[in-house]
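Side chains are part of it too, since the values below use all heavy atoms of this structure and drop only hydrogens, waters and symmetry mates. Note that the numbering runs from 1 along the sequence shown for the chain.
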Amino acid sequence: MILGLCATGFLSASAMAAAPAMTAEEFDHYATGKTLTYAQDGVIFGTEQYLPGRRVRWAFTGDQCQIGHWYPMGELICFEYEAGDAPQCWKFWKGETGLMAQFEGDPAGTALSEVRQTDGPLSCTGPDVGV
C-alpha cells in the first residue's frame with residue numbers, strides 16, 4: 001500500500017492528506033452493491049465486495065476471501081474481518097478515476113487506488129467458495 005496511481009500520476013502523501021475524506025454516508029452510498037478492485041503503485045492489490053448492512057467480502061489477489069464489516073471512526077472507515085486481526089482503518093476520498101484510500105498511521109503514506117468496478121460478486125477461492 002504505497003502511493004496510489006491516478007490519472008495525473010502519483011499522489012504525494014501530503015496531497016493525499018489534504019484531500020477531503022468521504023463521510024461514512026458518502027462511502028456507503030458509493031460502495032454498497034459494488035465490487036471494487038484496488039491497486040498499489042499500479043499493481044493489483046486486492047478486491048472488496050461491499051454488501052448491504054456495511055458487510056464486506058475481501059480478498060488479496062490470489063488469496064482466500066475474508067468476511068467482515070466496516071464502521072466509521074471519525075473521518076476514517078475501519079474494517080474488521082472474521083480472522084480477528086486488529087481493525088484496518090483508511091481515509092477514503094474520490095479521485096479523478098475512482099476511490100482513493102490512505103492507510104491510517106502509515107508513515108510511508110501507503111495508499112490504494114480503485115482500478116476496476118463491477119456490480120458482480122467477488123470470486124472467492126478456497127473453502128468459502130460461493131459464500
Taking the hydrophobic residues Ile, Leu, Val, Met, Phe, Trp and Tyr, and joining any pair whose side-chain heavy atoms are under 4.5 Å apart, which ones share a cluster with Met73?
-> Tyr71
Parallel, tilted or perpendicular for Tyr50 and Tyr38, by the 30°/60° rule?
-> perpendicular
Grab the two heavy atoms, one from Met100 and one from Ser113, that are nearest each other, plus how far apart they are.
-> SD-CB, 3.5 Å
side-chain contact (heavy atoms from CB on, under 4.5 Å) involving Thr32 - partner list, sequence neighbours excluded | Asp28
Co-membership, hydrophobic cluster, residues Leu76 and Trp90, 4.5 Å side-chain | no
Do Arg54 and Pro72 have side chains that get closer than 4.5 Å, going by heavy atoms?
-> yes
Sort and list the pairs that fulfil disulfide (SG to SG under 2.5 Å) and have at least one residue in residues 27-59, not counting sequence neighbours.
-> none
What residues form a side-chain contact (heavy atoms from CB on, under 4.5 Å) with Leu122, not counting sequence neighbours?
-> Thr35, Thr47, Gln49, Arg57, Ala59, Cys65, Cys124
Starting at CD of Gln66, measure out to CG of Asp85 and round the result to the nearest 0.5 Å.
-> 7.0 Å
Hey, is CZ on Arg55 packed in by over 12 heavy atoms from elsewhere, all under 6.0 Å?
-> yes
Test side-chain contact (heavy atoms from CB on, under 4.5 Å) applied to Gln117 - qualifying residues, sequence neighbours left out | Tyr30, Lys34, Leu36, Glu114
Could you tell me whether the side chain of Gln88 and the main chain of Ala86 form a donor-acceptor pair under 3.5 Å?
-> yes
Once the angle between the rings of Phe27 and Phe79 is folded into 0 to 90°, is it parallel (under 30°), tilted (30 to 60°) or perpendicular (over 60°)?
-> perpendicular
Minimum-distance pair of heavy atoms, taken over all atoms of Ala39 and Val115 | CB-CG1, 3.6 Å
Hey, what do you get for OG1 (Thr23) to CD1 (Ile77), rounding to the nearest 0.5 Å?
-> 7.5 Å
Give the cluster check for Tyr81 versus Trp70: same hydrophobic cluster or not, with ILVMFWY residues linked at side-chain heavy-atom distances below 4.5 Å.
-> yes
Does Trp58 share a hydrophobic cluster with Leu51, counting links as ILVMFWY side-chain heavy atoms below 4.5 Å and allowing steps through other members?
-> no
Answer yes or no: are there more than 12 heavy-atom neighbours, outside His69 itself, under 6.0 Å from its atom NE2?
-> yes
